[in-house]
Amino acid sequence: MSKYIKSILEKKWWQELFILTFSFVLFTLNDWILIKSWRGVWSGCAYFLLLYSHAQLNRFFLLPILLKKHKPLLYIVSSLALLSVFSLFLYEVATSWIYKNCFLYKTSEQKSYIFQAATLVATLICILSVTLILKFYRDSKKLDNEKLLYNRAQLNSLKEQLNPHFLFNTFNTLYGISLQYPERTPELIMHVSQLMRYQLESHETQCVPLEDEINFVSSYVELEKERLGYRCNITLNTSIDLENTYKIPPMLLICFIENAFKHGTCTAENCFVDIDINVNNDRLEFMVKNSIPTKKKNIVSTKIGLKKTKERLKLFYGNDHKLTIEENGTYTANLKVKLKRL
């Protein structure tokens, strides 16, 4: 039983079906004993659908004015206007057609404009109350999931901040380049310091400015260029909407870039990694494409990083993101996200 209740609470289509069934049963609970013909049944259903349509129009078009735009006066005026229109329409339909062929007509008071308006208001309250309760449940659960993921991300970030393998490879790269090109060592140290500083500081916040994330990516790519040298063609193209300031979860993009360098440059043959970051009108389009070596080395990969990144995308952006990964001669990861502004 609890399994079915949980399914209703978590799946939106089940919720809509539950609201429709609940309101229909509540509306007709005391009237089924008066059914005398199938024509009466269809008339009663038509009457209910008019009530349900009014409630749904208010829910999807007017309620966001109150909940999202926080304009209660505009919501009240719009709701009264919609109620007036539906009351007039329902009064005409009920008196000229439904009540003549339906078990719903009991008293003369029902043939009034005020009765129809009161019925519409009662149905609206019934449906909106259930809708708001379910919305509150979904939002609370989403917030709890985000907090849980954030806490886990903090723990994982702390474990990875001073990863010995990362430090070993980084300082080996610095040491090797400093022997051959000592004049380039200060610049590389600056890139490494930016990487380490970003990793240390970003774990304290859920979101960082997009500019900081891109600077981190740039520093990482520069370091990889020095490591791979002539045997890999690496490009990083960025086009950012400078008129607005956006925020993004920290370390969100780096997983795809790390995978590209890890799997696309694992042999000595010529290879490439192309990275494109475009931001315009609140939309981020991020693409990473890398070559696939003809002679692959056996690289140990748990794919945990990619899995966790997908989970973060789902929790932070929900349906406002689209991730596609293709492998057809080249390996391409394409991410589209609707960004939030600072």
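Below, all heavy atoms of this structure are taken into account, side chains as well, without hydrogens, waters or symmetry copies.
Under a 3.5 Å cut-off, the side chain of Ser291 and the backbone N or O of Phe272 do form a donor-acceptor pair. Put simply, the side chain of Glu213 gets close to the backbone of Leu252: a donor and an acceptor are under 3.5 Å apart.
Ile292 and Met287 fall into different hydrophobic clusters, where Ile, Leu, Val, Met, Phe, Trp and Tyr residues are linked whenever their side-chain heavy atoms come under 4.5 Å apart, directly or through other members.
Considering only residues two or more places apart in sequence or on other chains, Tyr52 meets the ring pair (Phe, Tyr, Trp, His ring centres under 6.0 Å) condition with Phe48. For the ring pair (Phe, Tyr, Trp, His ring centres under 6.0 Å) test, residues two or more places apart in sequence or in another chain that qualify with Phe86 are His54. Take Asn237 and apply the side-chain hydrogen bond (donor to acceptor under 3.5 Å, both in side chains) test, not counting sequence neighbours, and it matches Asp276. For Asp274, the side-chain hydrogen bond (donor to acceptor under 3.5 Å, both in side chains) partners two or more places apart in sequence, or in a different chain, are Thr235. Remark: Ser219 engages Gln194 in a side-chain hydrogen bond (donor to acceptor under 3.5 Å, both in side chains) (not counting sequence neighbours).
Environment of CD in Glu211: sparse, with no more than 12 heavy atoms of neighbouring residues, nucleotides or ligands closer than 6.0 Å.
The pair Glu311-Lys314 does not meet the salt-bridge criterion, since no charged nitrogen lies less than 4.0 angstrom from a carboxylate oxygen.
A distance of 13.0 Å separates OH in Tyr220 from CG in Leu253, rounded to the nearest 0.5 Å. To the nearest 0.5 Å, atom CZ of residue Phe216 and atom CD1 of residue Ile257 are 8.5 Å apart. Atom-to-atom distance recorded for Ile76:CD1 and Leu83:CG is 13.0 Å, nearest 0.5 angstrom. Interatomic distance, Asn278 CG to Ile240 CD1, rounded to the nearest 0.5 Å: 7.0 Å. Atom CG in Asn215 sits 9.0 Å away from atom OH in Tyr198 (nearest 0.5 Å). Put simply, CD1 on Ile277 and CG on Leu210 are 7.5 Å apart, with the number rounded to the nearest 0.5 Å.
You'll find the side chain of Ile248 reaches within 4.5 Å of the side chain of Leu284, heavy atoms only.
For the 3.5 Å distance criterion, the side chains of Ser79 and Asn58 qualify, holding a donor opposite an acceptor. A donor atom on one side chain and an acceptor atom on the other are found under 3.5 Å apart for Asp241 and Tyr246.
Minimum interatomic distance between Gln116 and Ser87 (heavy atoms only, all atoms of both residues): CB-O, 4.2 Å. Nearest heavy atom pair, residue Ile127 against residue Gln56, reads CG2-OE1, 3.9 Å. Taking both residues in full, the closest heavy atoms of Ala55 and Leu124 are given as CA-CD1, 3.8 Å, listed atom of the first, atom of the second, then distance. In this structure, Ile65 and Tyr75 approach most closely via the heavy-atom pair CG2-N, 4.1 Å.
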Do any side-chain atoms of residues 332-342 form donor-acceptor pairs under 3.5 angstrom with protein atoms, and if so which ones, sequence neighbours left out?
| from | atom 1 | to | atom 2 | distance (Å) |
| --- | --- | --- | --- | --- |
| Arg341 | NE | Asp282 | OD1 | 2.9 |
| Arg341 | NH1 | Asn244 | OD1 | 3.3 |
| Arg341 | NH2 | Asp282 | OD1 | 3.0 |
| Arg341 | NH2 | Asp282 | OD2 | 3.4 |

